[in-house]
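Notes follow once the structure below has been shown.
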Amino acid sequence: MRRIVVIGDGMVGSRFAEQIVEADEGIHVTLLGKEPIPAYNRVLLSSVVAGTKSADLLHIAKQHPRVLRLTGVAAATIDRDLMRVIDSNGRSHPYAELVIATGSVARVPAIQGVADSGGLIDGVFVLKDMADAEGIVASAGRARRAVVLGAGVLGLEVATGLARRGVVVKLVHIAERLMERQLGWEASAVAESGLRRLGIDSHTGASLARVQTTRGRVTSVRLEDGSEMLTDMVVMCAGTIPETTLARNAGLVCERGIVVDDQLATSDPHIRAIGDCAQPPGGARGLVAQGWQQATMLVAALTGAQVQAADTAATADVVRVKASGMAMVAMGVCGDFDRADPRYRVLSLKDPEGGRFVEVVVSGGQLVGATCIGDADVAATLSALYTRQLPVPSDPAQLMIKALAGGGAPAATRDPADLKDDEKVCNCNTVTAGRIREAVADGCSTVKDVASRTRATTGCGDCTSLVEGLISCHRSPSTSPAAVAAVPQGA
Ligand SMILES: Cc1cc2nc3c(=O)[nH]c(=O)nc-3n(C[C@H](O)[C@H](O)[C@H](O)COP(=O)(O)OP(=O)(O)OC[C@H]3O[C@@H](n4cnc5c(N)ncnc54)[C@H](O)[C@@H]3O)c2cc1C
């Protein structure tokens, strides 16, 4: 028997534990998880905030007789000499191999009044785990106004989620544009007007100086320019920092994250690190697909098993905002790039009144970048074209408006029946249409069944309608499933 200890029962640590016991019958895993509940789909936490998904739907942990899962138990120290982990209850867990998968922590900007010796004050939140999501939801139930700090992807998701709950939201962002890495000026302006329609006021080029309270309750914030905003709660979405505390205390080499080589080994050959806490040679992206790929690679490295690691390259730079009431996706060449660059043919459609913006960047007959706001179907088409590297129509304008694409359906929107068996449906988990058809033929009759058999839909969840389509095709093969057709998108 070989004992592997995994620190962190998150999206990546739990996936690794499940895969390694399947790959090698001689392996037993102890999985230490600081949170009081087993692993869940953290990517969908903003949907819990928005009230579009209930917390129990996020559950992803699977039981296995050779995985000892300890919830609510943190690893306190790593004793590298004796090769054991001491947990928060003082118990010792000897290991042959140790895998650190401690994820990341939310960055808390240095703003006066956000925290005291007990941590964040009442009414001030980050969104990193289920407890945060539940705290935000409870507070939103009592709040009339909220300030969301940071207009990156998460900030927009939280702001729209709170607005959906009837809270009046002010979005404060330090850069001059929303999502400045992904959106150019025009796209940002359209996004701002779309947010305004949802009851969200954006304040760009602004930052918070101080959170003010009266009798222990948040009442307002003061901005750096001296102005004030009344608010009942503040949610800070200011990025994340790899959780390296344990590794640093154990003397492992850390920079921003825990430094690992191509085999995911840290500076101690018996200790590996995967997921958001790790800093691999090519850099960390903070996206779950990269962590899952690392988990699979590590299973192969530790067991010699032949496992297929997902190719995350195609989806790595597709950024999708899971915002309630505002579809938004950006990929590849986007943001503030040089539109006069002769390598690119750039087409755009701007409709601030309708809250729509579409920009496509074509080079060598392929879509190399796109930004789409306010049209979920066009966004899906563009994501599919980009991630699958499908050819662009001779007139790329057809990509921008559904009506031009013939019969209403965007060119790349696929009827599930037409998908080839080797075509990827779930990009997050690399699940093909063929694998889903097999599962359905084998008796899986709901999305939940298919998810538990194949893992499809358990990442970003974008492929859910396509999986539904494949299930319907099996039930009634003669009916055209076009009505349920959709295309998968990147994570
Ligand atoms: C709201 C939100 C939305 C997101 N949206 C997306 C998205 O759309 N697409 C995408 O790709 N990614 C998204 N992410 C990022 C994605 O969730 C992470 O990339 C992924 O969860 C990383 O998995 P992980 O296992 O490395 O870390 P985590 O899932 O964070 O898990 C780490 C676990 O380790 C535990 N831990 C830490 N220290 C200890 C200790 N000492 N002892 C025991 N346990 C410990 C933590 O409590 C946590 O449970 C989002 C994240 C959030 C918070």
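Order of listing sets the numbers, starting from 1, for every ligand and every atom in it.
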Atoms of ligand 1 close to Ala74 [distance to a heavy atom under 4.0 angstrom, numbered from 1]:
42 (N), 43 (C)
Residues, nucleotides or ligands: over 12 heavy atoms within 6.0 Å of Leu198 CG
yes
Check each atom of ligand 1 against the heavy atoms of Ala75 and keep those under 4.0 Å away; list them by number with element.
40 (C), 41 (N), 42 (N), 43 (C)
Under 4.0 Å from a heavy atom of Gly286: give me the atoms of ligand 1 that qualify, with their elements.
15 (C), 19 (O)
For Ser267 and Val253, indicate whether the former's side chain and the latter's backbone hold a donor-acceptor pair under 3.5 Å.
yes
Counting heavy atoms under 4.0 Å, the part of Leu246 that contacts ligand 1 is side chain
What part of Val288, side chain from CB on, backbone N/CA/C/O, both or neither, has a heavy atom under 4.0 Å from ligand 1?
both
Could you see which bit of Leu154 sits under 4.0 Å from ligand 1, with heavy atoms only: side chain, backbone, both or neither?
side chain
Taking atom CD of Gln63 as the centre, does the number of heavy atoms from other residues, nucleotides or ligands within less than 6.0 Å exceed 12?
no
Could you tell me whether the side chain of Ser188 and the main chain of Gly184 form a donor-acceptor pair under 3.5 Å?
no
Which of the listed options, Lys322, Met130, Lys34, holds the heavy atom that is closest to atom 8 (O) of ligand 1?
Lys322
For Arg248, does the CZ atom have more than 12 heavy-atom neighbours from other residues, nucleotides or ligands under 6.0 Å away?
yes
Are the side chain of Glu97 and the backbone of Ile4 linked by a donor-acceptor contact shorter than 3.5 Å?
no
Under a 4.0 angstrom heavy-atom cut-off, which atoms of ligand 1 come close to Val12?
23 (O), 24 (P), 25 (O), 26 (O)
Does Leu127, backbone or side chain, put an N or O under 3.5 Å from an N or O of ligand 1?
no
Taking only heavy atoms of Gly275 into account, list the atoms of ligand 1 that are under 4.0 Å away from them.
26 (O)
Please confirm whether Gly291 approaches ligand 1 to less than 4.0 Å, judged on its heavy atoms.
no
Given Arg320, Arg15, Glu35, which one has a non-hydrogen atom that is nearest to atom 49 (O) of ligand 1?
Glu35
Determine, considering heavy atoms only, which of Ile274, Val43, Val48, Leu32 sits nearest to atom 14 (N) of ligand 1.
Val43
For Ile7, the ligand 1 atoms with a heavy-atom partner under 4.0 Å come out as 40 (C), 42 (N), 43 (C)
Among Asp276, Asp132, Thr71, the residue with a heavy atom nearest to atom 26 (O) of ligand 1 is Asp276
Check: Glu157 N/O within less than 3.5 Å of ligand 1 N/O:
no
For residues 116-139, pull every pair meeting side chain to side chain donor-acceptor pair (under 3.5 Å), keeping only residues two or more places apart or in separate chains.
Ser104-Lys128
Ligand-side contact atoms (ligand 1) for residue partner Ala101, heavy atom cut-off under 4.0 Å
32 (C), 33 (C), 34 (O)
Could you tell me whether Glu22 and Lys62 have a side-chain N and a carboxylate O separated by less than 4.0 Å?
no
Any chance CG of Asp262 has more than 12 other-residue heavy atoms, nucleotides or ligands included, within less than 6.0 Å?
no
Distance under 4.0 Å to a non-hydrogen atom of Thr102: what atoms of ligand 1 satisfy this?
32 (C), 34 (O), 37 (C), 38 (N), 39 (C)
Kindly determine whether Asp232 and Arg144 satisfy salt bridge (charged side-chain N to carboxylate O under 4.0 Å, His left out), including the steps that lead there.
CA-CA 7 Å; Asp232 306 306; Arg144 282 203 300 137; 5.3 Å; no
Residue set satisfying side chain to side chain contact (heavy atoms under 4.5 Å, CB included) with Met83, at least two apart, ordered chain then number -> Tyr95, His270
